[in-house]
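To keep things clear, I will list the structure first and then write my remarks on it.
All values below were derived from every heavy atom in this structure, side-chain atoms included, with hydrogens, water molecules and symmetry-related copies excluded.
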Amino acid sequence: QLAQDQGLISVPSLQLAQDLVLGPAMSAIHSLCVGTPPQTYPEDLTCLVLKALGVAAQDAERLATLPLPTPQLPADSLLLRAGKGPTPTA
């Protein structure tokens, strides 16, 4: 909603924006599990989704390649318990 209010994206409804983001995200999880997509797959997909949301191409390309911080997971996270997440910091 904030991105829409600030004019950063242009979508007919927030529900459509959510569906537009979650659909490719779920499909990407499948693609990563069953295949070996190109090294730039996450950035390429992010860029395409941002463009579909109405972000200008140059901005989408820049935003899609920004470094992301390591997520901080709670101590009881399923990912941590399965040994799949980053080591928690104290």
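Without hydrogens or angle criteria, Thr46 side chain to Pro42 main chain gives a donor-acceptor distance under 3.5 Å. Counting only distance, with no hydrogens or angles, the side chain of Ser77 and the backbone of Leu73 share no donor-acceptor pair below 3.5 Å. Side-chain atoms of Thr40 never come within 3.5 Å of backbone atoms of Glu43 as a donor-acceptor pair (strictly under, hydrogens ignored).
Annotation for Pro37 and Leu32: closest pair CG-CD2, 3.4 Å, computed over non-hydrogen atoms. The minimum heavy-atom distance linking Pro74 with Leu80 is given by the pair O-CD1, 3.3 Å. Between Ser10 and Gln4 the shortest heavy-atom distance is CA-OE1, 3.8 Å. Between Leu20 and Ala52, the shortest heavy-atom contact is CD2-CB, 3.5 Å.
Residues Tyr41 and Leu50 fall within the same hydrophobic cluster, defined by Ile, Leu, Val, Met, Phe, Trp and Tyr side chains chained together at heavy-atom separations under 4.5 Å. Leu8 and Val21 fall into different hydrophobic clusters, where Ile, Leu, Val, Met, Phe, Trp and Tyr are joined by side-chain heavy atoms under 4.5 Å apart, directly or via other members. Using a 4.5 Å cut-off between side-chain heavy atoms of Ile, Leu, Val, Met, Phe, Trp and Tyr, with links allowed through other members, Leu2 and Leu63 fall into different hydrophobic clusters. In the hydrophobic clustering of ILVMFWY residues, with side-chain heavy atoms under 4.5 Å counting as a link, Leu53 and Leu66 come out together. By the criterion of side-chain heavy atoms lying less than 4.5 angstrom apart, applied directly or through intervening Ile, Leu, Val, Met, Phe, Trp or Tyr residues, Leu48 is not grouped with Val55; the two fall into different hydrophobic clusters.
Looking at Lys51 and Glu61, their side chains come closer than 4.5 Å, going by heavy atoms from C-beta outward.
Between atom SG of residue Cys47 and atom CG of residue Asp59 there is a gap of 10.0 Å, rounded to the nearest 0.5 Å.
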